[in-house]
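To start, the structure under review is shown below, and the notes come after it.
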Amino acid sequence: MDRRSLHLLLILAMLVIVLVVHLFFGFHAADLPNLIAALQRFEAQSYEEAVLLFQRLPRTLIAIYAGGIAAASGFVLQSLVRNPLASPATLGVNSGAALFLVASALLFGASAELQGIAALAGALAGFLSSLAVARLAGRRNDPRGLSLILSGALVSMLFTGMTNALLLSDPARRADFLSWVTGNINHVYMDRLAMFWWIGALSVAILLLFARPLTLILLGADKAASTGVNVPLVSRLAIGAAVLGSGSAVAVCGPIGFVGLVVPHIVRPFMGNNLVHALPASLIVGAIVGLVADLIAREAFYPYVVNTGLVTDLIGGIVFIVIVKRFYLSPGSREAS
C-alpha cells in the first residue's frame with residue numbers, strides 16, 4: 001500500500017470516528033443500544049431517539065454535504081486560479097448565491113425550489129463578477145492571481161452589503177433568513193438538502209471525472225494540450241462544477257465560509273497536487289471539518305447553539321492571516337515576485 005492510500009484510509013477512519021461523536025455526543029451511555037436500534041429501524045420511541053433521528057442525523061448529513069462540497073470546490077479553484085487564497089468564499093461565489101436567494105425570496109416570493117435555482121445563478125454571477133473586475137484591473141498581467149482574489153473580496157463585500165440591505169428592508173421576513181445568511185447547519189434545512197443534494201453530487205462526479213486532465217493542466221497548459229486535453233473546455237467545466245456545487249451548499253444552509261480555503265492547505269502536504277488523490281481526500285477532510293465545526297457550534301456554548309458559519313469564519317480568518325503571511329509577506333515570497 002502506498003503512502004497516499006494509507007493517508008486516505010486514515011482520514012476515512014477519522015471521518016467515521018467524528019461522525020459517531022457528532023451523532024452520539026451528550027447522550028447517556030445506557031441509551032446507546034436503543035439509539036443504535038432507532039437508527040436501524042428509523043423510528044423514534046423516546047425523546048432521545050427523536051433528537052437523534054430528527055435533529056442530530058439531519059445536522060450530520062448537512063455538515064458532511066456542505067463541508068465536503070466546499071473543500072473539493074476550494075481545491076479545484078486554488079489549483080486552476082493558481083492562488084492559495086482562492087475559495088468559494090473569496091471569489092464571490094458564496095455571497096452571490098446568498099444575495100440571489102434572499103432577493104428571490106423577499107422580492108419575488110420564490111418557493112424553496114426556485115430559491116435554490118436563484119442560489120446557483122447567484123454563485124455563477126458572483127464568480128463572473130469577480131472575474132470581470134479582475135480583468136478590468138489587469139488580471140492578465142498578474143500570474144499569481146492576486147487581482148482576482150482582491151476583486152473577489154470587493155464583490156463579496158458588495159453582495160453581502162446588498163443582502164443585508166434587503167434583510168433590513170423587510171422586517172417581517174428578516175427572521176426567516178437572518179440566521180441562515182451567516183451559515184446555519186440546522187435540522188430544519190433537511191428539506192433543502194433533499195432538494196439540492198443531487199447538484200452537489202453531480203458537481204463532485206464531474207470534478208472526479210476530470211481529475212486526471214486537471215492534474216495535467218496544472219503541469220502546464222501546453223503539456224496538457226499535447227496529450228489531447230481540451231484545456232479551455234476542461235477548465236471551464238471544472239470551474240463551473242465547483243461554483244455550482246458551492247452554490248447548492250449555500251442553498252441548503254447558507255454560506256459556510258472558509259472551509260474551501262482551509263482544507264486544501266491541510267490536504268496538499270499529504271496528498272500532493274494530483275487531483276486523482278487530492279480530490280477524494282478533500283471531500284473527506286471537508287466533511288470532517290464540517291462535522292467538527294458543527295459539533296463546536298452545538299456544544300461549546302451549551303445550552304446555547306451558535307451558527308456553524310461563525311465557527312468556520314473564526315477558524316478561517318486565522319488561517320487566512322497565516323496564508324497571507326506565508327505566501328505574500330515572507331521574504332521568500334517577495335523575492336519570488
Side-chain angles (χ1 to χ4, degrees), residues 7-71 112 175-176 178-180 182-198 200-201 204 248-249 251-254 256-259 262-263 266 280-315:
H7 288 155
L8 198 60
L9 287 176
L10 288 175
I11 60 175
L12 272 172
M14 187 180 300
L15 175 60
V16 172
I17 294 171
V18 174
L19 176 64
V20 171
V21 173
H22 188 274
L23 280 173
F24 296 107
F25 184 86
F27 290 117
H28 295 294
D31 295 329
L32 292 181
N34 292 333
L35 293 172
I36 294 172
L39 279 176
Q40 293 173 339
R41 65 175 182 268
F42 207 79
E43 181 181 349
Q45 297 179 351
S46 67
Y47 172 76
E48 289 77 10
E49 292 176 8
V51 169
L52 175 66
L53 292 178
F54 305 122
Q55 292 188 19
R56 293 285 181 89
L57 184 58
R59 287 185 73 117
T60 298
L61 295 175
I62 293 172
I64 290 173
Y65 181 82
I69 294 293
D176 296 341
L178 195 59
S179 183
W180 175 90
T182 56
N184 184 19
I185 292 177
N186 194 307
H187 63 279
V188 300
Y189 297 133
M190 187 60 193
D191 58 338
R192 290 179 177 267
L193 179 64
M195 292 177 194
F196 307 129
W197 69 269
W198 63 272
V204 169
S248 73
V252 172
C253 58
I256 303 295
F258 288 107
V259 175
V262 173
V263 171
I266 298 174
S282 295
L283 283 167
I284 299 170
V285 175
I288 293 172
V289 171
L291 288 170
V292 171
D294 188 55
L295 184 63
I296 293 172
R298 196 183 75 204
E299 302 293 342
F301 305 96
Y302 185 83
Y304 304 103
V305 178
V306 302
N307 285 8
T308 309
L310 299 179
V311 176
T312 59
D313 284 347
L314 175 62
I315 298 172

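- Note that the NE2 atom of His22 and the CG atom of Leu57 stand 10.0 Å from one another [nearest 0.5 Å].
- Around atom CE of Met14, no more than 12 heavy atoms belonging to other residues, nucleotides or ligands sit under 6.0 Å away.
- Taking CG of Leu32 as the reference point, atom CD of Glu48 lies at 11.0 Å (rounded to 0.5 Å).
- Remark: Leu23 CG to Thr60 OG1 distance equals 4.0 Å, nearest 0.5 Å.
- The CD1 atom of Ile296 lies 12.5 Å from the CG atom of Leu310; values are rounded to the nearest 0.5 Å.
- For the pair Glu49 and Arg41, the minimum side-chain heavy-atom distance is below 4.5 Å.
- For Ala50, the side chain to side chain contact (heavy atoms under 4.5 Å, CB included) partners are Ala44, Phe54, not counting sequence neighbours.
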**Report entry** Leu61 and Leu193: CA distance, side-chain angles, deciding distance, side chain to side chain contact (heavy atoms under 4.5 Å, CB included) verdict
**Finding:** CA-CA 8 Å; Leu61 295 175; Leu193 179 64; 3.8 Å; yes

**Report entry** Step-by-step side chain to side chain contact (heavy atoms under 4.5 Å, CB included) determination, Leu295 to Val21
**Finding:** CA-CA 9 Å; Leu295 184 63; Val21 173; 3.8 Å; yes

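- Residue pairs meeting the salt bridge (Lys or Arg N to Asp or Glu O under 4.0 Å) criterion with at least one member in residues 24-36: none, sequence neighbours excluded.
- Of all heavy-atom pairs between Gly286 and Ala71, the closest is CA-CB, 3.6 Å.
- Within the 4.5 Å cutoff, side-chain heavy atoms of Cys253 are placed close to those of Ile62.
- Here the closest non-hydrogen pair linking Asp313 and Gly257 is OD1-CA, 3.8 Å.
- Annotation: side chain of Phe24 is in contact with side chain of Ile36 (closest heavy-atom distance under 4.5 Å).
- Side chains of Ile64 and Leu19 form a contact here, defined as non-hydrogen atoms less than 4.5 Å apart.
- Scanning both residues, Ala112 and Met195, for their nearest heavy atoms gives CB-CE, 3.7 Å.
- Pairing each heavy atom of Phe196 with each of Tyr65, the nearest pair is O-OH, 3.2 Å.
- Residues Trp198 and Ser248 have side chains not in contact (no heavy-atom distance under 4.5 Å, counting atoms from C-beta outward).
- A salt bridge does not link Glu299 to Arg59: none of the charged nitrogens lies less than 4.0 Å from a carboxylate oxygen.
- A donor-acceptor pair shorter than 3.5 Å can be found between the side chains of Ser179 and Asn307.
- Proximity of Val259 to Ile256: side-chain heavy atoms (C-beta onward) are separated by under 4.5 Å at one or more points.
- Summarising the geometry of Ile288 relative to Ile11, their closest heavy-atom pair is CD1-O, 3.5 Å, with the distance given to 0.1 Å.
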Query raised in the report: How far apart are the C-alpha atoms of Leu15 and Leu291, what are their side-chain angles, what is the distance that settles it, and do they pass the side chain to side chain contact (heavy atoms under 4.5 Å, CB included) test?
Result: CA-CA 9 Å; Leu15 175 60; Leu291 288 170; 3.9 Å; yes

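- Put simply, the side chain of Thr312 never gets that close to the backbone of Phe258: no donor and acceptor are under 3.5 Å apart.
- With Phe27 as the aromatic partner, Arg56 meets the cation-pi criteria of under 6.0 angstrom to the ring centre and within 45 degrees of the ring axis.
- Annotation for Ala63 and Asp294: closest pair CB-CB, 4.4 Å, computed over non-hydrogen atoms.
- Between the CD atom in Gln45 and the CG atom in Leu53 there is a gap of 10.5 Å [rounded to 0.5 Å].
- Rounding to the nearest 0.5 Å places CG of Leu39 at 4.5 Å from CG of Leu52.
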